[in-house]
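As structure tokens, the structure follows; a few thoughts come after it.
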Amino acid sequence: MSRRDEEYRKNQRRKKQTSGSHTSGKKKSSNVKGQAGHRNNATGRSQGKHRGRRPVRKNRISRSIGLVLSIIQLLASIVFMVEMKILNMLPMKYYLLLGAVLFLLFAIVLVTQYYSKKKGIAGKVISVIMTIVMIVGSYYCARTSSALDKVTGGDYKLDKVVVAVMADDKAEEIKDAKEYTFGVQYKMNGSQIEETMTAVNEELGTEVKTVEYDSLAEQAQALHDGKVDAIVYNEGYTGILEEAFENYSQNTKVIYSHSIKSKVENKSKDVEVDKCFSVYISGIDVYGAIETNSRSDVNIIAEVNPTTHQILLVTTPRDYYVEIPGISGGQKDKLTHAGIYGVDASMATLEQLYDTELDFYARVNFTSLIDIVDALGGVDVESEQAFTTSEDSGLVMNVVQGTNHFNGKQALAFSRERQNVDGGDNQRGKNQQAVITAMIKKMVSPAILTGANEIISSVSGNVDTNMSTDQIQDLIKTQLAEAPAWNIKSMAAEGTGDDQMCYSYSGSTLYVMQPNQDSVNAIKTAIDDLEAGKALEGTVSTQ
């Protein structure tokens, strides 16, 4: 082989080696790039995982908050349902329906919060609102139950015996009257006067001087004549003294008051309100404690037949000249004076007059009438006459013949007016029936659904009844469950004016109304017909 050939071969081998070296370098470089790429991919995946953790964590927090709100909503709903059960005014079918709706709302909120991939803001807002509603509802249910307990189950009456002196007397309180001579009488409410004098003696630390009189009239006259310095009597007689002595209240002042509480037998506990029952509605012409014995200026009997859905309203004039059984010993007196001896005395008087039995009583005063009418959103009253009320009614206003929409104060003024209406006290009784009829219409309408709580709460302390809580609850539940239309008939006892001696005040004659026996007999017949389930003529429907 020539030398030239050998050199050629060596050169070829060098080229191959150089080419291999370059290829190896490229491969190595490629491997480095691959490793770097692998590291970059790993880093990217790591960063991707890191970026994905934050939304997951936020979702978990939002879900947890939603679940907590759902549980709070459930607890609030349970408390509300318990309070509704205690209040016990909702028919069972409505109670179960309410429970089902509340559970469904809870389930919807729970599901939306547990499975939501987003924040579920709408569900949280609904849950918060429902919780607030349930808490507020529970509060009002509890307050209504408490108020109902205060109104119902009346089993006592309250008498206030006062010590009065002339208005210009220097004495301002009982300790200033230690040396005074007290005029007393024991013919009426004798035990109350004795108890009060014992309390006065204990208060003053000595036995005061007394002069005994035979009647309230003699007592009052002795005070005005200066024969005694003070007189002691039941505060309920103040209205009678105002009839006999002009401006009596302005000319005298009370320096001491002693309260005496006594039990009233409640015979109505076992009365079933799904059968015929009666309610004596007594309107007290005062603003004080509703249990206090005082004259009853409104005397209305409501005879109710739940089977035929009929109500008979009977008004008896306050001046009706009647006996007070167990009190007057056969002597007659004004019906209004019976209230001085207690609501049971008024009921006994009306029972004897109409030969019937009264199951319940409901005593109301000025404040309660205003509050009830306002809680109902006002009432539409039908007036037989057009007139303008006087200042004595408490509000001067124009009344049109026909329909009038009254608020509480207007309804009270309409009920009290007797000066500017034809028929005087008789027409006032009819106007009072018109207001009660309007109130019944509103109470058996859907307005009771929104007004029941406010009515009961607002009249607490201004209404007193011997009807039990259970009996009132049964009445409301029946009305809500059946929603029947009621037919109402109004009747008023009639009579003629007269002046006669009265048991409660023997000093002089007082204005009275002699009963018209025909009107009394007509009322007796209507009561018997209603109890027998007969349809009454001349009724007004609540629809």
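Residues Cys276 and Asp359 share a closest heavy-atom pair of O-OD2, 4.4 Å. When all heavy atoms of Ser138 and Ala76 are compared, the pair lying nearest together is OG-O, 4.3 Å. Of all heavy-atom pairs spanning Val232 and Met197, the tightest one is CG2-SD, 3.7 Å. Scanning both residues, Arg318 and Lys334, for their nearest heavy atoms gives O-CB, 4.0 Å. Of all heavy-atom pairs between Ile472 and Met467, the closest is CG1-SD, 3.5 Å. The heavy-atom pair separating Tyr213 from Gly183 by the smallest distance is CE1-CA, 4.0 Å.
Every side-chain contact (heavy atoms from CB on, under 4.5 Å) that Gln500 has, sequence neighbours left out, goes to Tyr321, Asp498, Val512, Gln514. Every residue two or more places apart in sequence or in another chain that forms a side-chain contact (heavy atoms from CB on, under 4.5 Å) with Thr403 is listed here: Asp380, Glu382. In terms of the side chain to side chain donor-acceptor pair (under 3.5 Å) criterion, residue partners of Gln310 (sequence neighbours excluded) are, by chain and number, Thr308. Shown here are the side-chain contact (heavy atoms from CB on, under 4.5 Å) partners of Asp529, two or more places apart in sequence or in another chain: Thr525, Lys534, Leu536. Checked against side chain to side chain donor-acceptor pair (under 3.5 Å), Tyr248 has the following partners two or more places apart in sequence or in another chain: Tyr233. For Gln471, the side chain to side chain donor-acceptor pair (under 3.5 Å) partners two or more places apart in sequence, or in a different chain, are Ser468. For Thr478, the side-chain contact (heavy atoms from CB on, under 4.5 Å) criterion is met by Glu482, not counting sequence neighbours.
Side-chain polar atoms of Tyr354 and Ser278 form no donor-acceptor pair below 3.5 angstrom. If you check the side chains of Glu417 and Asn431, you find no donor sitting under 3.5 Å from an acceptor.
Each salt bridge (charged side-chain N to carboxylate O under 4.0 Å, His left out) pair with one or both residues in residues 272-283, not counting sequence neighbours, appears once here: Glu272-Lys275. The ring pair (Phe, Tyr, Trp, His ring centres under 6.0 Å) contacts involving residues 519-543 comprise nothing, where partners must be two or more places apart or lie in separate chains. The ring pair (Phe, Tyr, Trp, His ring centres under 6.0 Å) analysis of residues 474-507, with sequence neighbours excluded, yields the pairs His309-Trp486.
In summary, Glu218 and Lys187 do not engage in a salt bridge, as defined by a charged side-chain N under 4.0 Å from a carboxylate O.
With Asp392 as reference, Gln419 is the one residue of Arg416, Gln419, Arg418 to meet the side-chain hydrogen bond (donor to acceptor under 3.5 Å, both in side chains) rule.
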**Item:** Evaluation steps, side-chain contact (heavy atoms from CB on, under 4.5 Å), between Lys489 and Asn487
**Value:** CA-CA 7 Å; Lys489 180 178 178 63; Asn487 293 316; over 6 Å; no
**Request:** Show your working on side-chain contact (heavy atoms from CB on, under 4.5 Å) between Ile193 and Met188 and close with a plain yes or no.
**Result:** CA-CA 9 Å; Ile193 304 301; Met188 296 182 297; over 6 Å; no
**Item:** Verdict with reasoning, Val161 to Glu195, per side-chain contact (heavy atoms from CB on, under 4.5 Å)
**Value:** CA-CA 9 Å; Val161 181; Glu195 180 179 328; over 6 Å; no
**Asked** Should Met491 and Leu312 be marked as a side-chain contact (heavy atoms from CB on, under 4.5 Å) after you check the CA-CA gap, both sets of side-chain angles, and the distance that decides it?
**Response** CA-CA 8 Å; Met491 299 183 71; Leu312 174 64; 3.9 Å; yes
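Lys430 is not listed as a side-chain neighbour of Thr315, based on a closest heavy-atom distance of 4.5 Å or more. For the pair Pro317 and Asn426, the minimum side-chain heavy-atom distance is below 4.5 Å. Residues Val364 and Val298 form no side-chain contact, since every pair of their non-hydrogen atoms from C-beta on lies 4.5 Å or further apart.
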Atom pairs and distances, side-chain donor-acceptor, residues 77-101, under 3.5 Å, sequence neighbours left out:
| unit_1 | atom_1 | unit_2 | atom_2 | d |
| --- | --- | --- | --- | --- |
| Ser77 | OG | Gln73 | O | 2.9 |
| Asn88 | OD1 | Lys477 | NZ | 3.1 |
| Tyr95 | OH | Met81 | O | 2.9 |

Could you list the donor-acceptor pairs under 3.5 angstrom formed by side chains in residues 337-349, with sequence neighbours left out?
| unit_1 | atom_1 | unit_2 | atom_2 | d |
| --- | --- | --- | --- | --- |
| His337 | ND1 | Asp333 | OD1 | 2.7 |
| Tyr341 | OH | Tyr237 | OH | 3.1 |
| Tyr341 | OH | Ser504 | OG | 2.8 |
| Asp344 | OD1 | Lys157 | NZ | 3.3 |
| Ser346 | OG | Gly339 | N | 3.3 |
| Thr349 | OG1 | Ala345 | O | 2.8 |

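In Phe103, the CZ atom is not crowded: 12 or fewer heavy atoms of neighbouring residues, nucleotides or ligands sit closer than 6.0 Å. No more than 12 heavy-atom neighbours from other residues, nucleotides or ligands sit within 6.0 angstrom of CD on Glu537. Counting heavy-atom neighbours within 6.0 Å of Tyr139 OH, excluding the residue itself, gives a total of 12 or less.
With rounding to the nearest 0.5 Å, the separation of CD1 in Ile523 from OG1 in Thr316 is 6.0 Å.
The backbone N or O of Ser328 lies less than 3.5 Å from no partner atom in the side chain of Glu323, so there is not a single donor-acceptor pair.
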